[in-house]
Structure formats: C-alpha cells, structure tokens
Amino acid sequence: MIRVQTDDFDMAQVLDDLRKHNPKVGAIVSFVGLVRDINDSAEVTTLTLEHYPEMTQKALQAIVDQAKQRWDIIDAVVIHRVGTLLPTDQIVLVAISSAHRQAAFSACEFVMDYLKTQAPFWKKETNSQGARWVEAKASDDEAQARWTQ
Amino acid sequence: MIRVQTDDFDMAQVLDDLRKHNPKVGAIVSFVGLVRDINDSAEVTTLTLEHYPEMTQKALQAIVDQAKQRWDIIDAVVIHRVGTLLPTDQIVLVAISSAHRQAAFSACEFVMDYLKTQAPFWKKETNSQGARWVEAKASDDEAQARWTQ
Amino acid sequence: MNSFQLEVNIMQIKVLYFARIKEAVNYSSEDVDLPEDIETITALKHWLSKRGEVWANLFSGKLVVRAAINHNLVDDLATFEDGDEVAFFPPVTGG
Amino acid sequence: MNSFQLEVNIMQIKVLYFARIKEAVNYSSEDVDLPEDIETITALKHWLSKRGEVWANLFSGKLVVRAAINHNLVDDLATFEDGDEVAFFPPVTGG
C-alpha cells in the first residue's frame, strides 16, 4: 500500500493490518521519519512538503517493486505526508513484513534510501529568520549508492 | 526502557513516547517479531517462551549499552514477552530513536542480532504432533558475527 | 506546403516546475512550443536559459536541476517527444 | 585442624537449569558442594556428567550447552567462586 496524504497516519493500525491477516509474517521492520526542531540553522517552526502528485505514486511504487524483487518480503507499506507539519510530527512511514528479519531490515532501509533520492518531495522550513528550501544531502546519495555497488 | 512481560505491548504508545518528548528525534526504526503459524515442521498451535529472569534484564541492558556506544542514538526500547503465545501474536519489540536514520537502522538490527544469540530466552512450540524446543539457527550466529568483523 | 511543414516541425510539450524552481520562474506549468531540434533535456535547458536572466541563472549549471519525462526521473541526455510532460525540480528532499 | 581445612576446601555454588536441560534433569535449581579443583565450567560439566546416564548425555558434547556465571554469558574456560550462581542452558532462541 502506497499513500500520499496530508493527514497524520496511525502506525499501530498499519502494523496490525500487516500482521493480523497473515500468519506467515515473522518480522515487521518499520521506519518513521519525524520533523526535528532544529536543522542546519535556527530552530524550525514549520516544515512544508511539496510534491509532484502525478509522479509520486509511480516513483514510490517503482521503489517498492525493486525491493520486492531483491528480497523475499511479504508486504510493504509506504505513507508520506505533504503539506505543513510541526516539530515531532510524523512525515513518513515505511513498514515491511517478511518471514525472517534480515529481508525486512534490508528492504526497509533500501526503500528509505531510494525514497530520499528518487521520490519527488521537497521540504521548505520556516524559522524565526524566514523560509528556506531544505538542501539535498550528499550522504543520502551515498546511502543510495551502496545498493548498486 | 527494557521490559520482559507476559502482557502484549502497544507499539503505538511506545513510538509516541519516543517521539513526543524529544523534538531532536528525526528517525525511529522498529522491529516487531511475531509468532508464525509454521516453522520447520508442522503447523504451530502455541509458542511458549521461557527465560532466566535474573539474567534477562542484565543481558538486554548490556546489548543496548553496546548499541549506544557504537551509534549516535537517542533512546532505545526493548520489550520481550514470555509465556504462551499464539500465531500472529507479538513476541518482541525493539525501537530505536535517533537524529538520522542510519544510526537507528544499524542499532536496531544490531540489538536484534545480539538479542537472538545472547539473551536468555527459549522457545517451545506445540503442534498437532506434540511439543518441541525450537533449535537455535546458525544464521543467527552468522548475523551476530557480522558486527565483530 | 510551407505552412504544413511548419506545423509538423513544431513540437509542443508541457513543462512543470517545482519547489525553488517554481518560485524562481513564478509559475508551475506552461505549454511550450519547441523547434524540432530541441529534443533532449540538455537542449531544453539551454533553450530555456535564453529567456532571460532568471532562466539563465536557473539552468547555468551552478545548481543541480533534475528532470522527469512523463513522471519518470531521467538524466539530461534523455529525449522527449511531442505531447510529453517534462518537469524540472531541485534534488528531492522527502522522507 | 583437619576439619577446619575441609570446610575451607569445599565450595558451594547454586546451579540452575533451563529449557530442555531443565526437563532432562527434572529440576531447575540445586545447591552443589564442589571439591576445590572444580572451578571452571568445563570442570563442572565433567564433574556433573559422572552423576549418571542423563547427566553424561547432557554434557557429552553432542549438544551445545551454554553457561552463565552470575547472570553473565561465559565460555567454558570461565571460572567461578564460592557462592556464585552458575546456569546451564541450550543456545538461546528468543526474539
């Protein structure tokens, strides 16, 4: 399941859905990304996420499909929020279910690394000094490149 | 926080506690281990977990302490259930919060790999043919050994 | 005959802009008529950069501008066709 | 004098058994008086294996038996002291 939404998400509901309908599931690895109150510069007051709606779903699905080809996973959920968020708000959830834990760990980290570098989302922070677009990080490109070596 | 308990745990509550009190948290990686309905042999009807109470807390704390020394993580939660469980029941939760995702991913996988090989829990399965102790897996030893190479 | 050739040789694409690029050009979408030799992202960037200072600055290469064709992330040598949707945006920062 | 030496030279430890080892020996805990030369896990396993067939089978080396001293996982060359708690159990299978 892939969803892009302004509303918050209920992690417990997602995990219950992943485990309760399939007794083959032995492991669920999940990642939640949150708005931090401090970034490179001053204290963040809001974070606004823009995206490219027609492309986002397709890009996320392509990433999940790659993960399913690479690892023996059972199901994958990606939920990404857009719009204006506050510190400690949830931004993104990636949850992967599998029979054994290593596939779920690898696939979850893979999906996050690709999402960070391939999915069309852009963050704009506001703080007391004004608004600025968040810069992409070289460390995210390096994290993604690990999977192709 | 480290807990060993017979009761089920509320993943959403744990994650909320990790994020709501600390706006420095940018990432939470969590692992949930579940009772599968099938293992090496026939269909599993129940899974009973025994442990060594005086040692368990100490062993889990030592594993978490090692993870905190190795990675820049903010907080760690380990909850492990004991007693008799049914297929799709939650067995274990490891949740790690950090500023950036890679530390949380690595620490969560590290804690699980060490928990699997160092923490004094033993599983006994019952199925239609009777009861049997679950055998330790060489793949778990190999997973743990990765961290010392 | 001449006017027929002219119609065939003009390609129309839709161009979208996102994030700081959208803010710089001050709109998010336009239909663009292109000469037929403009068929790669590189050529389109070069062609757009002749529109003026804002455009020249955007596509000067000082900042990375990523592109998508029909919702697929592509590199700058990728080619598009009449009717395609091309998007320009900064490196993504989601997650 | 003789009786004083005897008291000093006997070591008492608590031994715990878990999982299939507990089921095999049929109890979970005992206080054991040991001669003074039995001070490593290896020596204790050897000493216990003389108790009879069940014990010999357990500690024959056919199955891995892990040990802890005072709640710390140890290898078989680890030494214990008077008053320590030693535990024997199969490889762990939690998580």
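In the text below, chain A, chain B and the rest are named by the order of the sequence lines, each starting its count at 1.
Proximity to chain B (any heavy atom under 4.5 Å) is restricted, for A:V35, to the backbone atoms N, CA, C and O. Looking at B:H21, neither its backbone nor its side chain comes within 4.5 Å of chain A, counting heavy atoms on both sides. Proximity to chain A involves both the backbone and the side chain of B:A99, based on heavy atoms less than 4.5 angstrom apart. For A:D16, no part lies near chain B; criterion is any non-hydrogen pair under 4.5 Å. Both the backbone and the side chain of A:Q90 come within contact range of chain B, with heavy atoms under 4.5 Å apart. Contacts between A:A143 and chain B at a heavy-atom distance below 4.5 Å involve backbone atoms as well as side-chain atoms. Neither the backbone nor the side chain of B:A104 comes within contact range of chain A; no heavy atoms are under 4.5 Å apart. The parts of A:I28 that come within reach of chain B are both its backbone and its side chain, each placing non-hydrogen atoms under 4.5 angstrom from that chain.
Heavy-atom minimum distance, B:Q102 versus A:E109: CG-OE2, 4.3 Å. Nearest heavy-atom pair across B:R36 and A:V25 is CG-O, 3.6 Å. The minimum heavy-atom distance between B:F31 and A:F105, with the atom names listed, is CD1-CE1, 3.7 Å. For A:D8 against B:R19, the heavy-atom pair with the smallest separation is OD2-NH2, 4.4 Å.
Interatomic distance, B:L15 CG to A:L15 CG, rounded to the nearest 0.5 Å: 7.5 Å.
Interface remark: of the candidates B:S97, B:P87, B:A27, B:G26, B:G26 forms the most heavy-atom pairs closer than 4.5 Å to chain A. Highest contact tally toward chain A, considering only B:K20, B:M112, B:R101, B:Q13, is held by B:R101 [criterion: heavy-atom pairs under 4.5 Å].
The number of heavy-atom neighbours closer than 6.0 Å to CG of B:D72, taken from other residues, nucleotides and ligands shown, is 12 or below. Heavy-atom neighbours of B:D141 CG from other residues, nucleotides or ligands within 6.0 Å: above the threshold of 12.
Using a 4.5 Å heavy-atom cutoff, the side chains of A:K24 and B:D37 are in contact. When side chains are defined from C-beta on, A:H100 does not count as touching B:S139, because their heavy atoms never get closer than 4.5 Å.
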